[in-house]
Amino acid sequence: IVKPQLLLRCSQAAVKHTGPDSSPHASPGTYGQQKDGVMTVEETLEQGNRMMQQFSLTVPTSLVITSNRQTHVWKKKKLKDHCAEIIPKLAKTIEPVGKATIHVGVTKRTNNRYDPVNLTDTAKPIVDQLVKAGVLDEDDHRHVFGPWLYHKGIDKKLVDAMRFTVVLTDYTPDTPF
């Protein structure tokens with residue numbers, strides 16, 4: 001297995017709440033890349049959330065699990081072990097939040113069509129490790145809203161890998177999409 005590049009581009013942003021009537025999420029259709037005046041997920045989240053922390057990690061494509069196919073147990077274990085090796089290092093750079101809404105941006109090498117939501121099985125071990133590292137209290141519906149996966153962009157430098165940018169924001173389970 002090729003050793004993936006560990007990206008420690010972690011950031012914390014204390015974002016001002018824009019008022020009591022502002023929604024922490026934008027209306028449907030505003031998620032994704034900037035296109036024709038539509039905001040990116042990061043811009044959307046920054047408008048209404050008081051808390052936003054993010055980190056990125058690279059996962060080899062050989063470990064990526066899609067919900068389109070039945071996955072072998074050994075592949076799930078390898079992905080879990082990969083996340084268990086990397087997430088504790090990344091978790092040291094972010095504040096424990098207890099509860100959070102989780103958005104996961106997927107960056108790929110090519111512009112081929114795909115459904116980012118099918119990669120939820122790849123994001124699950126990431127969330128599990130955030131609980132184990134103490135960033136989240138638990139990963140049930142009372143503590144985590146998401147993970148919500150979206151297409152973040154293209155990076156031609158990614159070779160046999162995908163980058164997952166995990167964004168933790170205020171816990172808002174009652175926000176309809």
Side-chain angles (χ1 to χ4, degrees), residues 1-11 24-25 31-32 41-42 44-45 49 51-109 112-153 155 158 160-175 177:
I1 294 178
V2 177
K3 207 58 159 168
Q5 178 185 12
L6 178 63
L7 297 175
L8 289 174
R9 290 186 302 181
C10 300
S11 67
H25 295 282
Y31 289 88
V41 172
E42 288 80 8
T44 302
L45 294 172
N49 286 294
M51 181 272 296
M52 182 174 133
Q53 300 184 84
Q54 74 178 33
F55 63 89
S56 296
L57 71 139
T58 303
V59 177
T61 52
S62 63
L63 299 181
V64 171
I65 298 173
T66 177
S67 60
N68 287 337
R69 297 182 199 96
Q70 188 174 12
T71 304
H72 295 286
V73 174
W74 63 266
K75 189 172 184 179
K76 289 182 181 179
K77 179 162 179 10
K78 281 189 174 190
L79 176 62
K80 184 178 174 182
D81 293 344
H82 175 75
C83 291
E85 179 184 338
I86 293 175
I87 299 296
K89 296 172 190 170
L90 295 171
K92 290 179 183 176
T93 64
I94 57 180
E95 295 292 320
V97 294
K99 296 181 175 185
T101 297
I102 302 175
H103 298 270
V104 180
V106 180
T107 304
K108 297 179 65 173
R109 181 183 169 104
N112 294 345
R113 291 178 63 180
Y114 75 107
D115 183 358
V117 176
N118 287 340
L119 300 173
T120 302
D121 291 345
T122 302
K124 175 66 173 136
I126 296 170
V127 175
D128 290 343
Q129 288 300 318
L130 288 173
V131 172
K132 194 170 184 178
V135 174
L136 300 169
D137 290 340
E138 192 55 62
D139 63 352
D140 61 18
H141 72 281
R142 294 181 180 164
H143 294 86
V144 173
F145 188 52
W148 305 108
L149 280 82
Y150 65 96
H151 176 72
K152 183 168 173 61
D155 184 352
L158 287 172
D160 295 329
M162 297 173 115
R163 183 177 313 118
F164 291 82
T165 303
V166 180
V167 181
L168 303 174
T169 63
D170 292 327
Y171 177 72
T172 54
D174 55 345
T175 304
F177 286 96

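Note that the structure is predicted; figures quoted are calculated from it, not measured.
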Pairing residues for K77 by the side chain to side chain contact (heavy atoms under 4.5 Å, CB included) criterion, not counting sequence neighbours: D81
Within-4.5 Å side-chain heavy-atom neighbours: F164 and V106: yes
Side-chain touch H82/V59, heavy atoms, less than 4.5 angstrom: yes
Working to the nearest 0.5 Å, report the span between [atom1] of [X] and [atom2] of [Y].
X    : Y    : atom1 : atom2 : result
K108 : D155 : NZ    : CG    : 13.0 Å
D160 : L63  : CG    : CG    : 11.5 Å
R163 : L158 : CZ    : CG    : 4.5 Å
K75  : T122 : NZ    : OG1   : 8.0 Å
K80  : Q129 : NZ    : CD    : 7.5 Å
L130 : D128 : CG    : CG    : 9.0 Å

Passing option when L168 is tested against I94, V144, T101 for side chain to side chain contact (heavy atoms under 4.5 Å, CB included): I94
Backbone N/O of T165 and side chain of Q54: donor-acceptor pair under 3.5 Å: no
Sidechain-backbone polar pair: T169 side chain, M52 backbone, donor-acceptor under 3.5 Å: no
Of the non-hydrogen atoms in [X] and [Y], which two are nearest, and what is the gap between them?
X    : Y    : answer
A161 : T61  : N-CG2, 3.5 Å
F145 : Y171 : N-CE1, 3.9 Å
V64  : M162 : CG2-SD, 3.6 Å

Going by atom type alone, with no hydrogens or angles, which donor-acceptor pairs under 3.5 Å involve a side-chain atom of residues 134-141 and a protein atom two or more places apart or on another chain?
| from | atom 1 | to | atom 2 | distance (Å) |
| --- | --- | --- | --- | --- |
| D139 | OD2 | K124 | NZ | 2.7 |
| D140 | OD1 | R142 | N | 3.1 |
| D140 | OD1 | H143 | N | 3.2 |
| D140 | OD1 | H143 | ND1 | 2.7 |

Verdict with reasoning, F55 to I126, per side-chain contact (heavy atoms from CB on, under 4.5 Å): CA-CA 11 Å; F55 63 89; I126 296 170; 4.3 Å; yes
Residue list, side-chain hydrogen bond (donor to acceptor under 3.5 Å, both in side chains) with T66, at least two apart or on another chain: none
